[in-house]
A.B. asks: 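Dropping a structure here in structure tokens format, bear with me for questions.
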Amino acid sequence: MAENVLKKEFKEKDVQRLRNLIQGKYGEKNTISTGYTKQYEHHEEGDVWEEDDRTWTIKNGIKQNITKLDAAKKEINLPLFCPCCSGMMKNRYDKQFYIQYKRCFNCQIEFETDLKKKGLWADYEKFVINSDIDGLVKEFNIWIDEEMTESNNSYMTESGDVERWVGSAKQKLLENKEETIKYLESLKK
């Protein structure tokens, strides 16, 4: 019979803490203390505020830091269920198809099959290829701009020596930029 007895006794503050959690009062205090108290600002669910050069919010009763990468994390995070068909996302291709098309592998296959049945596949294929080429042109322009602003006064070798090179390929880059963009544009259908 001694085995059924609790080894730890619950105190009043423990019971009060559980009551507060069940009622949704996450920040409520259950003890009284004396001494220095920090000035407290009360924030509720969904509030956004600045504190210590950081942005904070409360989600599901938990204080969370908002970062610049939250949107990127949300885009890449794979849900359990497909937004289109509500099926489990368990196929090995689901993650890459969700990142690209925002639906599971099977939904994308059905979508493309429907396009072929309706005779719209050629237009869709042109759209996909042309948007890929537009993305390449955009990335190429960004790369050229970065190369133009980069300084090439000196380079560090593996042994730690500093080498100074004379000459610049910036003029050659500018000459070939338009030619490369024209070639990429010619690949469009």
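Because the structure is a prediction, the values reported are computed rather than measured.
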A.B. asks: Between E185 and K188, is there a salt bridge with N-O shorter than 4.0 Å?
C.D. replies: yes
A.B. asks: Test of understanding: with side chain to side chain contact (heavy atoms under 4.5 Å, CB included), list the residues that count as partners of E139, not counting sequence neighbours.
C.D. replies: none
A.B. asks: Would you be so kind as to tabulate the donor-acceptor pairs closer than 3.5 Å made by side chains of residues 70-96, with sequence neighbours excluded?
C.D. replies:
residue, atom, partner, partner atom, Å
D70, OD1, T67, OG1, 3.1
D70, OD2, T67, N, 3.1
E75, OE1, K102, NZ, 3.0
N91, OD1, Y93, N, 2.9
D94, OD1, F105, N, 2.9
D94, OD2, K90, N, 3.1
D94, OD2, N91, N, 2.9

A.B. asks: Once you round to the nearest 0.5 Å, how far does CG of L120 lie from CD of E112?
C.D. replies: 13.0 Å
A.B. asks: Can you see which heavy atom on H43 is nearest to which on E41, and at what distance?
C.D. replies: CD2-O, 3.4 Å
A.B. asks: Would a hydrophobic clustering, with Ile, Leu, Val, Met, Phe, Trp and Tyr connected at side-chain separations under 4.5 Å, put L187 with F140?
C.D. replies: yes
A.B. asks: Could you identify which residues cluster with I142, counting Ile, Leu, Val, Met, Phe, Trp and Tyr as linked when any side-chain heavy atoms lie under 4.5 Å apart, either directly or through a chain of such contacts?
C.D. replies: none
A.B. asks: Do Y101 and I129 share a hydrophobic cluster (ILVMFWY, side-chain heavy atoms under 4.5 Å, transitive)?
C.D. replies: no
A.B. asks: Does E44 CD have over 12 foreign heavy atoms under 6.0 Å away?
C.D. replies: no
A.B. asks: Distance from E125 atom CD to D123 atom CG, nearest 0.5 Å?
C.D. replies: 10.0 Å
A.B. asks: Hydrophobic clusters join Ile, Leu, Val, Met, Phe, Trp and Tyr when side-chain heavy atoms are under 4.5 Å apart, directly or via other members; which others share one with V48?
C.D. replies: I66
A.B. asks: Rounded to the nearest 0.5 Å, what's the gap from OG on S159 to CG on D161? Could you check?
C.D. replies: 3.5 Å
A.B. asks: Could you pull out the closest heavy-atom pair between L184 and I133, with the gap in Å?
C.D. replies: O-CG2, 3.2 Å
A.B. asks: Grab the two heavy atoms, one from W49 and one from I58, that are nearest each other, plus how far apart they are.
C.D. replies: CH2-CG1, 3.7 Å
A.B. asks: Would the distance check show the side chain of E45 and the main-chain N or O of N60 forming a donor-acceptor pair, the cut-off being under 3.5 Å?
C.D. replies: yes
A.B. asks: Walk me through whether L174 and M148 qualify under side-chain contact (heavy atoms from CB on, under 4.5 Å).
C.D. replies: CA-CA 9 Å; L174 286 175; M148 295 302 289; 3.6 Å; yes
A.B. asks: Could you pull out all donor-acceptor pairs under 3.5 Å where a side-chain atom in residues 11-22 meets a protein atom, sequence neighbours excluded?
C.D. replies:
residue, atom, partner, partner atom, Å
D14, OD2, K11, N, 3.3
Q16, NE2, N20, OD1, 3.2
R17, NH1, Y26, O, 3.2

A.B. asks: Can you list the residues that meet the side-chain hydrogen bond (donor to acceptor under 3.5 Å, both in side chains) rule with E179, with sequence neighbours excluded?
C.D. replies: none
A.B. asks: Can you tell me how far the CG atom of D145 sits from the NZ atom of K177, to the nearest 0.5 Å?
C.D. replies: 5.5 Å
A.B. asks: Could E110 and R103 be called an ion pair, given the rule that one side-chain N must be under 4.0 Å from one carboxylate O?
C.D. replies: no
A.B. asks: Quick check, are the ring centers of Y124 and F111 under 6.0 angstrom apart?
C.D. replies: yes
A.B. asks: Has the side chain of T55 got a donor or acceptor atom that lies under 3.5 Å from a matching backbone atom of E50?
C.D. replies: no
A.B. asks: Are L136 and F127 linked, directly or through intermediate hydrophobic residues, by side-chain heavy-atom contacts shorter than 4.5 Å (ILVMFWY only)?
C.D. replies: no
A.B. asks: Would you give the length of the straight line joining atom CD1 of I181 to atom NZ of K138, rounded to the nearest 0.5 angstrom?
C.D. replies: 13.5 Å
